[in-house]
Asks: 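One structure is given below, represented as structure tokens, and several questions about it will come after.
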Amino acid sequence: MRYVSTRGGASATFEEALLLGLAPDGGLFVPEAWPELGAEGIRRLAGRPYKDVALEVIAPFVGDSFARAELEAILAETYATFDTALVAPLVQIAPADFLVELFHGPTFAFKDVALQLVARLYERVLRRNKGRLTIVCATSGDTGSAAIEAVRGREGMEIFVLFPEGRVSDIQRKQMTTAAEKNVHVFAVAGTFDDCQRIVKELFADRAFAEATSLTGVNSINWARIVAQAVYYVTSALALGAPDRGVSFAVPTGNFGDVYAGYVAARMGLPIRRLLVATNANDILVRTLETGAYEKRGVVATSSPSMDIEVASNFERLVFEVLDRDASATRALFSGLSQSGAFTLPGHARERIGELFWAARASEAEVARAIAEIHKATGHLLDPHTAVGAVALQKARLAGSIGAGETAIVLATAHPAKFPEAVARAAGLTPIVPPRLAGVLTRPERCLPVPPDTGAVKSAIRSAIGWRASL
Ligand SMILES: *Cc1c(COP(=O)(O)O)cnc(C)c1O
């Protein structure tokens, strides 16, 4: 299996796409062809453990980069870190509405599902190549802790996480600063999340620094993260009658990684009726699906911070598909974006997206109401991200985009205890903190305050890794 760039200027193996993240031409890697499971292949997976389904879904994408037995061992180890063997259990909240809980990993948000795998894949490759990696990550909360948890104590990797000081929740900060392993470095940046992101971009832009430190990122455009996320679409649809019955999914969306993984599952043959793109007030995707105009408008802060984004990077992968894989047309649109902050999709491309996708935004009031109503009706507390998905599902049913009796699954992307204030405001009670999460509240913290300055971050990285001092 080989990968091509959405901008036509690069190709790679799975291993290369894993290590590079972004393609060298600025595009995103997608598989050269879609492997098909087919109805029979899907039916055979019914009732099998999560890790076995993961093997069948992921193996065709991995090609020769990992032997099947090696991948099987890695997957078993990866999903043993979850607190339930089901990994992604289903909960019914209405006759045709379900939640798939994706927060049973070590940091209580769905990013564990992919990052626990990616870190183990990195480790095998580095061991094989006797290589080293310096991982950098700017975070507004969830990604930083999931990346640290996945990488801590692993051979050949140093991780540097930049978070905006005073702008993440207490729990989120402690999840990052209480890792005691020497390969974990947490920088509290005296600035905003945008400062953290800018610094990370500037680190990569310094080619000499990036090459000498073997710099890499773990953001959601990494192909390996996407393919790991396709698995729970398959397991949850199977549990509710696929391949004989179609299901729809409501996906709380930021960077379009998770919902694009649903598209990957559909391309493999999973009968998905609808993919709901659920956004908060940062609604660039809702506007694009309504009008075709993809237009940056700045970010507003909401109660679902992991979805507070200005552009949805993985959307480029879908645009490439609906333009019939025309890389020069894709490149033209996305370079227009960096120049003018906007582009308009051709009408036929927007129509093709609309065949499978439907989008809805949720206001802060709608999110709070959904948390309160669902808690009252079912006893289940939703976190604000998941509630955005639940609101989108209600809207899709009202609009007839999903039929009244048709099965739909909301992706529950975070545990409510990660966002106690927002949940308490909405539902009038504070979620119980699971013991595994409570542990971080009392451990000693360790982080380095740094100014919002790339030069200062570079020298802090150099002195922390203490090798190739000539840099
Ligand atoms: C990252 C995140 C999302 C958004 O996922 P994307 O793949 O960026 O669309 C939703 N909910 C939570 C809790 C997250 O951490």
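Nothing fancy with the numbering, it's 1 onward along the sequence. Ligands are counted one by one from 1 in listed order, and the atoms in each one are counted from 1 as well. Quick caveat, the model's predicted, so the values are computed rather than measured.
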Asks: May I ask you to check whether Tyr294 and Phe343 place their ring centres under 6.0 Å from each other?
Replies: yes

Asks: Taking side-chain hydrogen bond (donor to acceptor under 3.5 Å, both in side chains) as the test, write out the residues that go with Glu290, two or more places apart.
Replies: none

Asks: Do the two ring centres, one from Trp223 and one from Phe14, sit under 6.0 Å apart?
Replies: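 No: the rings miss the under 6.0 Å criterion.
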
Asks: Non-hydrogen atoms closer than 4.0 Å to ligand 1: which protein residues do they belong to? List them by chain and number, please.
Replies: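 For ligand 1, the contacting residues are Phe110, Lys111, Asp142, Pro252, Thr253, Gly254, Asn255, Phe256, Gly257, Asp258, Ser306, Met307, His385, Thr413, Ala414.
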
Asks: Going by side chain to side chain contact (heavy atoms under 4.5 Å, CB included), name the residues that satisfy it together with Ile309, two or more places apart in sequence or in a different chain.
Replies: Ile284, Ala312

Asks: So, using side chain to side chain contact (heavy atoms under 4.5 Å, CB included) as the criterion, who are the partners of Ala362 when residues are at least two apart?
Replies: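 Ala362: side chain to side chain contact (heavy atoms under 4.5 Å, CB included) contacts with Glu366, Val367, Val388, Val391.
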
Asks: For Phe419 together with His385, are the ring centres under 6.0 Å from each other?
Replies: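 Ring-ring flag for His385/Phe419: true, centres closer than 6.0 Å.
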
